[in-house]
Amino acid sequence: MGHVLGDVLGFAAAVAVSPLPIIAIILILATPRGRLNGVLFAVGWILGLSALGAVMLAIAPPAGASDHNHPATWVGALKLALGVFLVLFGSRQWRRRPKDPSQAQLPKWLGTIDRLTPVKIFALGLALAALNAKNAPLTIAAGASIGSAGLPVGQQIASLAIFVLIATLGLLAPLAVFLFGGERAKTTLGNWRKWAAQHHVAVMAVLFFVLGLKLLGDGISILTS
């Protein structure tokens, strides 16, 4: 289990520092129902990651993801494909980053957050976790690593739970500041939002490029062993 956790912690950390979801929850916390909406967004995020990871764990045993405690060939192919996708995606993001960080543009949907109902806020958290082109490949890779390690079911679930917890820290930090930060919370969150808005493209480009290379290495190692 320790080996598996070491394998997936990098993926969890990359999901945790996703700038756009962090910006989203900071904007949500500034709405009139910020406390409720922030919690709903975080719950949706947690359920989205858990559901996607659980799907991979459910697929792994019937598909023979582990062969004598060694990842099966299809797991290596999956990691290789995800690695190629992340390297290409990271390279594309790096080329598209603004020369001047102050000129960075945020997605238009972030401007509609103050008009979303609690149900839509929950759905947004769910979608950003499970359906986002940036986070989904990392969660799939983590689920494949856990499912192919030949662990007992209880340890698989525990590994996935640890992955989800770490991957949620990026959202829990602003939520904790909002709930317990007192008068300084608004200033602190404003500074975080500004920094994330200016550097989100470059941050994600580097993360995806590095993790893509790791997945490429993992996939090649599995396929050639």
Side-chain angles (χ1 to χ4, degrees), residues 6-26 41 44-46 48-53 55-56 59 71 73-111 123-148 160 163-164 166-171 192-193 195-223:
D7 197 31
V8 303
L9 285 182
F11 302 131
V15 175
V17 298
S18 299
L20 289 183
I22 293 174
I23 294 172
I25 195 169
I26 291 174
F41 182 81
W45 172 274
I46 291 171
L49 292 178
S50 300
L52 189 56
V55 168
M56 288 303 302
I59 291 174
T73 300
W74 73 265
V75 175
L78 174 63
K79 289 192 172 186
L80 190 65
L82 290 173
V84 171
F85 171 78
L86 290 179
V87 167
L88 293 176
F89 191 86
S91 300
R92 177 173 176 267
Q93 290 291 92
W94 182 259
R95 291 194 302 270
R96 295 180 61 186
R97 79 191 191 284
K99 301 296 183 181
D100 181 1
S102 64
Q103 301 301 315
Q105 299 292 321
L106 292 174
K108 294 182 179 179
W109 58 265
L110 284 171
L124 178 62
L126 196 70
L128 285 177
L131 304 178
N132 186 279
K134 298 176 181 179
N135 293 329
L138 298 176
T139 305
I140 291 172
S145 294
I146 295 170
S148 64
L160 179 60
F163 166 82
V164 172
I166 295 174
T168 309
L169 292 179
L171 300 187
W192 289 3
R193 184 193 66 78
W195 188 93
Q198 291 181 348
H199 301 285
H200 72 278
V201 177
V203 169
M204 296 313 299
V206 172
L207 280 173
F208 283 123
F209 190 79
V210 172
L211 290 172
L213 290 178
K214 179 185 183 303
L215 282 172
L216 283 174
D218 290 348
I220 293 172
S221 176
I222 293 171
L223 292 175

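Hydrogens, waters and symmetry mates are skipped; everything else that's a heavy atom, side chains included, is used.
- Looking at residues two or more places apart in sequence or on another chain, you find a ring-ring contact (aromatic ring centres under 6.0 Å, His included) between Trp195 and His199.
- Annotation: the span from Leu82 atom CG to Leu211 atom CG amounts to 11.5 Å, rounded to 0.5 Å.
- Between Thr139 and Gly53, the shortest heavy-atom distance links the atoms CG2-N, 3.9 Å.
- Ala144 and Leu78 make their closest contact through CB-CD2, 3.9 Å (heavy atoms, listed as atom of the first residue, atom of the second, distance).
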(request) Would you please test Ile25 and Trp45 for side-chain contact (heavy atoms from CB on, under 4.5 Å) and show each step? (result) CA-CA 11 Å; Ile25 195 169; Trp45 172 274; over 6 Å; no

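- Partners of Ala136 under the side-chain contact (heavy atoms from CB on, under 4.5 Å) rule, at least two apart in sequence or in another chain, are Leu52.
- Considering only residues two or more places apart in sequence or on other chains, Val17 meets the side-chain contact (heavy atoms from CB on, under 4.5 Å) condition with Leu207.
- Minimum heavy-atom separation, Val8 to Phe163: O-CD1, 3.9 Å.
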(request) Kindly determine whether Ser221 and Lys79 satisfy side-chain contact (heavy atoms from CB on, under 4.5 Å), including the steps that lead there. (result) CA-CA 10 Å; Ser221 176; Lys79 289 192 172 186; over 6 Å; no

(message) side-chain contact (heavy atoms from CB on, under 4.5 Å) for Val206 and Trp94? Distances and angles first, verdict last.
(response) CA-CA 7 Å; Val206 172; Trp94 182 259; 3.9 Å; yes

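- In this structure, Leu88 CG and Phe209 CZ are separated by 9.5 Å, a value rounded to the nearest 0.5 Å.
- Looking at every heavy atom in both residues, Ala141 comes nearest to Leu215 through CB-CD2, 3.8 Å.
- Across Leu86 and Pro137, no two heavy atoms sit closer than the pair CD2-CB, 4.1 Å.
- Considering only residues two or more places apart in sequence or on other chains, Ser18 meets the side-chain hydrogen bond (donor to acceptor under 3.5 Å, both in side chains) condition with Asn135.
- In this structure Ala16 satisfies the side-chain contact (heavy atoms from CB on, under 4.5 Å) test with no other residue, sequence neighbours excluded.
- Between the CG atom of Leu171 and the CD1 atom of Ile26 there is a distance of 9.5 Å, given to the nearest 0.5 Å.
- Considering CG of Leu126 and CG of Leu49, their distance stands at 9.5 Å, rounded to 0.5 Å.
- In this structure, the side-chain contact (heavy atoms from CB on, under 4.5 Å) partners of Leu9, at least two apart in sequence or on a different chain, are Ile166.
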(message) side-chain contact (heavy atoms from CB on, under 4.5 Å) for Leu128 and Phe41? Distances and angles first, verdict last.
(response) CA-CA 10 Å; Leu128 285 177; Phe41 182 81; 3.7 Å; yes

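- When all heavy atoms of Val87 and Gly212 are compared, the closest pair comes out as CG2-C, 3.6 Å.
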